[in-house]
Amino acid sequence: DINLNSPNKGLLSDAMTDVPVDSAASARTSAPEGLTLAEEEELRSELAKVEEEIGTLRQVLAAKERHCGELKRKLGLTPLDGLKQNLSKSWHDVQVSNAYVKTSEKLGEWNDKVTQSDFYKKTQETLSQAGQKTSAALSNVGSVISRKLGDMSSYSIRHSISMPAMRNSATFKSFEDRVGTIKSRVVGSRENSTEGLHSPSGAGDKPPQDNAPF
């Protein structure tokens, strides 16, 4: 502790006043190599101005963002709409960029080279011929199936039409009469034979045989 009533008070004050104090020099670091003090001061002044401008721009940007949000809210725009607009703008920027344009041109050149090559032309011709043959085969199969279905339909129609006409013809009626006559004769003969077998007087109708004497 320092005793202010000490007789050495004046000596301490005199010793402290003999030490030189330069606040600017102590706060400032040593100048980089290759720069004079004047150049350093100029650069530091310019740096302070730039930092001040950055702070001002940040304040202006924050105010602009708040104003933009209020306008979107009044217009009924949602954050999703803003995201779509940003994506659309980003895609447009990509399309007009030099890298995208050069890549598109290079892909176009490769496509032209491939389509103009002999291998591509031969492959395309082979696939085209195979497709034509397949189409022709399918067309032939369809024609055959349609013809078969048409024949079956016409046969069914002819059969349904010819049956009543054939039944009403004289030949069919004559044949039907003959079959009926034969059937009635067969049935009649069977009935007569059955009655003869089961009749009780069948055995008495025969004349008695004389027993010859020995």
- Query: Could you give the distance from CD (Q132) to CG (L127), rounded to the nearest 0.5 Å?
  - Reply: 11.5 Å
- Task: Give every residue pair that meets the ring pair (Phe, Tyr, Trp, His ring centres under 6.0 Å) criterion with at least one member in residues 100-129, sequence neighbours excluded.
- Result: W91-Y100
Scan the side chains in residues 136-145 for donor-acceptor partners under 3.5 Å anywhere in the protein, sequence neighbours excluded, and list what turns up.
unit_1 : atom_1 : unit_2 : atom_2 : d
N140   : ND2    : A136   : O      : 3.2
S143   : OG     : S139   : O      : 3.0

- Message: Applying side chain to side chain contact (heavy atoms under 4.5 Å, CB included) to S45 and K49, what does each step give before you reach the verdict?
- Response: CA-CA 6 Å; S45 177; K49 290 180 180 179; 4.1 Å; yes
- Task: Write down the atom of Q95, the atom of V101, and the distance for their closest heavy-atom approach.
- Result: O-CG2, 3.7 Å
- Message: Please check: side-chain N/O of T56 versus main-chain N/O of E52, any donor-acceptor pairing under 3.5 Å?
- Response: yes
- Message: How long is the straight-line distance from NZ of K133 back to OG of S128, given to the nearest 0.5 Å?
- Response: 11.0 Å
- Query: NE2 of H92 to OG of S97: how many Å apart, nearest 0.5 Å?
  - Reply: 10.5 Å
- Message: Salt bridge check, E109 against K113: does any charged N sit closer than 4.0 Å to a carboxylate O?
- Response: no
- Message: Show every side-chain hydrogen bond (donor to acceptor under 3.5 Å, both in side chains) that has at least one partner inside residues 61-80, sequence neighbours left out.
- Response: T78-D81
- What is the distance from atom OG1 of T123 to atom CG of D118, rounded to the nearest 0.5 Å? 10.5 Å
- Looking only at heavy atoms, which two atoms of K121 and Q116 are closest? And how far apart? CE-O, 3.8 Å
- Distance-minimising heavy-atom pair for L35 and L43: CD1-CD1, 3.9 Å
- Is the closest side-chain heavy-atom distance between L87 and L83 below 4.5 Å? yes
- Query: Are more than 12 heavy atoms from other residues, nucleotides or ligands located less than 6.0 Å from atom CD of E42?
  - Reply: no
- Side-chain contact test, heavy atoms from C-beta onward, threshold under 4.5 Å: evaluate it for E40 versus L37 and give yes or no. yes
- Item | Nearest-0.5 Å distance, SG of residue C68 to CG of residue L77 | 9.0 Å
- Message: Nearest 0.5 Å, please: how far is CG in L61 from CD1 in I54?
- Response: 12.5 Å
- Message: Strictly below 4.0 Å, N to O, side chains only: are K89 and D93 in salt-bridge contact?
- Response: yes
